[in-house]
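Bear in mind that the values here come from a model prediction, so they are computed numbers and not experimental data. Lettering follows sequence order; numbering is per chain, from 1.
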Amino acid sequence: MSEPLLMKGNEALAEAVIRAGCRAYFGYPITPQSEILEYLTAEARERGMVVLQVESELAAINMVYGAAGAGVRAMTSSSSPGISLMQEGLSYIASAELPCLVVNVNRGGPGLGTIQPSQGDYFQATKGGGHGDYRLLVLAPDSVQEMADFVFDGFDLADKYRNPVMILADGALGQMMEKVVFREYDPKDHETAKPWATTGKSGGRERNIITSLHIQPEKMEDINKHLQEKYRKMQTEVRYELIHTDDADIVLVAYGLAARICHSAVEMGRNKGLKLGLLRPKTLYPYPYDMVRELSAKVKGMHVVELNSGQMVEDVRLGVNGKVPVTFFGRMGGMIPSPEEVLASVEARIAQLHDEPREEQIYA
Amino acid sequence: MPEVAELQPALEAVWTKPETLTETRMHYCPGCGHGVVHKLLMEVVDELGIRQDTIGVAPVGCSVFAYQYLDVDMQEAAHGRAAAVATGIKRVLPDKYVFSYQGDGDLAAIGTAETIHAANRGENILVLFINNGIYGMTGGQMAPTTLIGMKTSTTPEGRETATMGYPLKITELLAMLPGVYSVSRHAVYSPNTVRALKKAITKAFQYQKEKKGYCLIEVVSNCPSGWKMTPVESNKWLEKNMLPLYPLGDIKVEGTLVQPVQKKEGQHS
Ligand SMILES: Cc1ncc(C[n+]2csc(CCOP(=O)(O)OP(=O)(O)O)c2C)c(N)n1
Ligand code: SF4
C-alpha cells in the first residue's frame, strides 16, 4: 500500500491507470475531466505509456478498439457530450468483446448543458448506450479512494469478461481533493492471456480477426446469445454498500455523489430519531436487484435520490416489484441538493406514506 | 477445389495464388478492382516475408470482408474509423506492419477527420485508398469522389456542383501535410498499372520498416455494378473519365511533392 496522498479525484484515477498497467490512453479534452489527459501526458514518457491527445472522441474510442484488439490494456475518458460521440465505438467494442476502460465524468445535460456534476447519463451507461443489444459493466465511485480503486478493478473485470467497463463518476468526484491510498498492484500478476489479439499471425496459428460483423442472422443470434450468457455471468460481480439498513424503516438508494449526500442525510435523520438507512450500489451494471428485493421485504419504503430526473429509480422499482412504495427525489442540471434538502424530501415522503402510499416522483 | 495440375497434368500453372490469400471465394462482383488489389497486397506480404508481422484494418465498405481473404491478423473497423483503429494498433505495436484498406466513402467522407489527423501525425502506417467514385456496398450512391456529371443512385441526373460540390481530391490534399512521407496514385486495369501498384506497395512497406511515416496509395478502381457497366466497359470508362481528374503517378516522393504525371492532352476535364 502507498502512503496516504492528498489528490484530486481525476488525478488519483489517472495515477491508478498507470499503476494498473494501462499501456495506451487516447483522449480529447473536455471539462470536468481534462486533468486525466493532462496528468497522463505529464507522466507518460517516463512511465512507458502511450498517451495521445486525438482529434475527437470518435477517434479516441476507435483507437482504444485498435489498441485493445492488439492485446494491451487501453482506455479513454471523457464527459457526457464526448461519451455520446463514443457510443458507436462502444457498441463495436462490446460486440468484438474487447476489454477496455472508459471513464465518464458525468456533467449536466442534455446538449452542451453545464460542466457541473450530474447523473443524467445513468440510462446511457447502464442500458447499453449505443445501438444493439449489449451492456457495459458499470462502476460508480463515491470518493477519491474509489476513483483509484475502481480503475484496478475495472481493468481486471474488463479482462476477465472481455467486456468494456465504464467508471461513471461526476464532476464533483473528479475535482474534489481527498486522501487516497494506492493498493499494492503488480500488473504482471493480473495479466490475462489474450490469444485472440491481433499481434501478427505467427507460430502457425490461425489468423486472428477482431470484428463485429456477422452477416448471417443465425450467426449473429449465436453471438447475441453468447453475449447474453456473459452478461448473466457478470451478475455475480454485484457490489454495494449498506449503511444502517438493519433496523431501517426507510432505505435511501443512491450512488456516487448523491450517495455521499444521502449518507449525511441519513445520519441527520438518525439524530432526529428517524430510522433511515442507505443502499449504495457500487456497480450500476450489474445492478443489486437482489439486495433491493431483500430490503423491500423488511422496510416501509424506499426513497431514491439522484442527480437527474429519475433514472436508477426504475431499477429500484424493478427490484422492489411493488412490495413497498418507492419514492424519488432529484435535482437536475448540475444542481446539487444539500443533506437538509434530501432529509426534508424523506420527511415529506414519510408523512405521505401514511395517508397515501403510492409511488411518486418529485423534483426540487 | 482440385488443383489445376490435377485437372490438366500436362499443363503448367501460370497463375498461382499468393500463400497469404485464403482459399475463400471472393464475394466481389466480376471485374471489380478490389480482388486484384487484395492479391497484389498479399503477394507483396509474401515476397517480403512479413505475414507474421502484418496487421490489417478493413472498415465498412465492399471490402469489409477483406479479412476473409487476407490471411493475416485483421481488425474490422467501423465505417470511417480505419485510420483511428490503425493508429491504436500501430502505437502499441510500433514494430509491426499496419495497413488500412479503405473506400472513398470511408476515407474521404465519413472518416475525413480520422484520415487527415492520422496523416498529420505522420502515423507510420500504409493507407490503401480504393477510389471507385461511388458507394459500392450500399448500392451505388454518390461518393465524395464522384465525377461531375456522373450518374449514381443519388445523382440520377448526374452530379452537379451547385448542390453537391466537387469531386474531392483528398489524395492531393493529404500530400500537402508535412507528416506525409509518400503519396502515389495507381490503378489496376492493365498489366502495367498492376505492376506499378505492386512496386508502390512494396516500397511503402519498406518505408514503414524504416519508420518514415505515413504512406498513402490511392488506387483508382472500378465498380462495374455501381456504374452499371460490364467489367470491360468499366475499365475503358475509368481510363477515359476518371484518370483525367485523378492522374496516375507519384504525388509525393520521400517527403517531397512532385508533379503528378500528366495524361495526354485533351483528356483533362
Ligand atoms: C455509421 C455508418 N453509416 C453508414 C453506413 C452504411 N455504409 C456502409 S458502406 C458505405 C459506403 C461505402 O463506400 P466506400 O467506402 O466508397 O466503399 P465501397 O463499398 O465503394 O468499396 C456506407 C454508407 C455504415 N455502415 N455505418
Ligand atoms: S459493388 Fe462495386 S465495389 Fe463492391 S464488389 Fe461490386 S463492383 Fe466491387
Side-chain angles (χ1 to χ4, degrees), chain A residues 22-26 28 48-76 85-93 95-96 98 100 130-131 196-215, chain B residues 19-22 24 27 45 50-61 64-98 100 110-121 123 125 137:
Chain A
C22 178
R23 285 267 314 280
Y25 171 97
F26 306 96
Y28 188 83
M49 191 178 158
V50 172
V51 177
L52 209 53
Q53 178 180 333
V54 301
E55 62 270 26
S56 72
E57 292 85 353
L58 236 70
I61 194 68
N62 285 284
M63 288 177 190
V64 170
Y65 179 101
V72 306
R73 285 191 162 181
M75 73 165 297
T76 181
L85 269 185
M86 292 185 192
Q87 293 304 324
E88 181 200 30
L90 277 168
S91 171
Y92 277 67
I93 286 173
S95 181
L98 300 178
C100 66
H131 62 284
W196 43 263
T198 58
T199 51
K201 173 184 150 68
S202 57
R205 69 158 163 79
E206 284 288 296
R207 68 189 183 284
N208 283 338
I209 299 165
I210 304 290
T211 186
S212 66
L213 173 66
H214 309 284
I215 206 94
Chain B
E19 206 184 304
T20 310
L21 209 55
T22 66
T24 311
H27 72 287
V45 166
I50 58 171
R51 183 194 203 169
Q52 69 288 349
D53 292 317
T54 302
I55 299 147
V57 179
V60 188
V64 70
F65 290 108
Y67 59 71
Q68 293 185 349
Y69 318 123
L70 313 184
D71 196 7
V72 293
D73 278 4
M74 293 282 297
Q75 293 198 18
E76 174 245 328
H79 192 27
R81 315 296 161 227
V85 171
T87 299
I89 300 170
K90 186 68 182 187
R91 289 285 178 140
V92 300
L93 299 174
D95 297 327
K96 301 286 176 183
Y97 297 89
V98 177
S100 73
I110 193 168
T112 313
E114 284 78 0
T115 299
I116 288 183
H117 288 278
N120 195 45
R121 286 189 303 266
E123 295 294 340
I125 57 173
M137 188 186 215

Could you check whether any side-chain heavy atom of R121(B) comes within less than 4.5 Å of a side-chain heavy atom of L52(A), counting everything from C-beta outward? yes
Would you mind telling me which of I50(B), V92(B), I116(B) has the largest number of heavy-atom pairs within less than 4.5 Å of chain A? V92(B)
Answer with side chain, backbone, both or neither: which region of S212(A) has an atom nearer than 4.5 Å to a non-hydrogen atom of chain B? both
Contact origin within V60(B) toward chain A - heavy atom pairs under 4.5 Å: side chain
What part of A197(A) is in contact with chain B, defined as an atom under 4.5 angstrom from a non-hydrogen atom: side chain, backbone, both or neither? backbone
Could you pull out the closest heavy-atom pair between G66(A) and Q75(B), with the gap in Å? O-NE2, 3.2 Å
Among A113(B), A58(B), G88(B), who wins on heavy-atom pairs under 4.5 Å with chain A? G88(B)
side-chain contact (heavy atoms from CB on, under 4.5 Å) involving T211(A) - partner list, sequence neighbours excluded: I209(A), L213(A), H214(A), Y67(B), E76(B)
What I'd like to find out is whether the side chain of H117(B) reaches to under 4.5 Å of the side chain of V54(A), using heavy atoms alone. no
Measuring from I61(A):CD1 to R81(B):CZ, what's the distance to the nearest 0.5 Å? 12.0 Å
Less than 4.5 Å to any heavy atom of chain B: does that hold for the side chain of Y65(A), its backbone, both, or neither? both
Within the supplied structure, the quantity of interest is the number of heavy atoms (other residues, nucleotides, ligands) at a distance under 6.0 Å from F65(B) CZ; does it exceed 12? yes
Please look at A77(B) and chain A and tell me whether the side chain, the backbone, both or neither of the residue comes under 4.5 angstrom of a heavy atom of that chain. backbone
Most heavy-atom pairs under 4.5 angstrom with chain A, which of V57(B), I89(B), L70(B), T22(B)? I89(B)
Taking all atoms of both residues into account, what is the closest heavy-atom pair of L93(B) and T199(A), and its distance? CD1-CA, 3.9 Å
Who passes side-chain contact (heavy atoms from CB on, under 4.5 Å) against K201(A), sequence neighbours left out? R205(A), R207(A), R51(B), D71(B), D73(B)
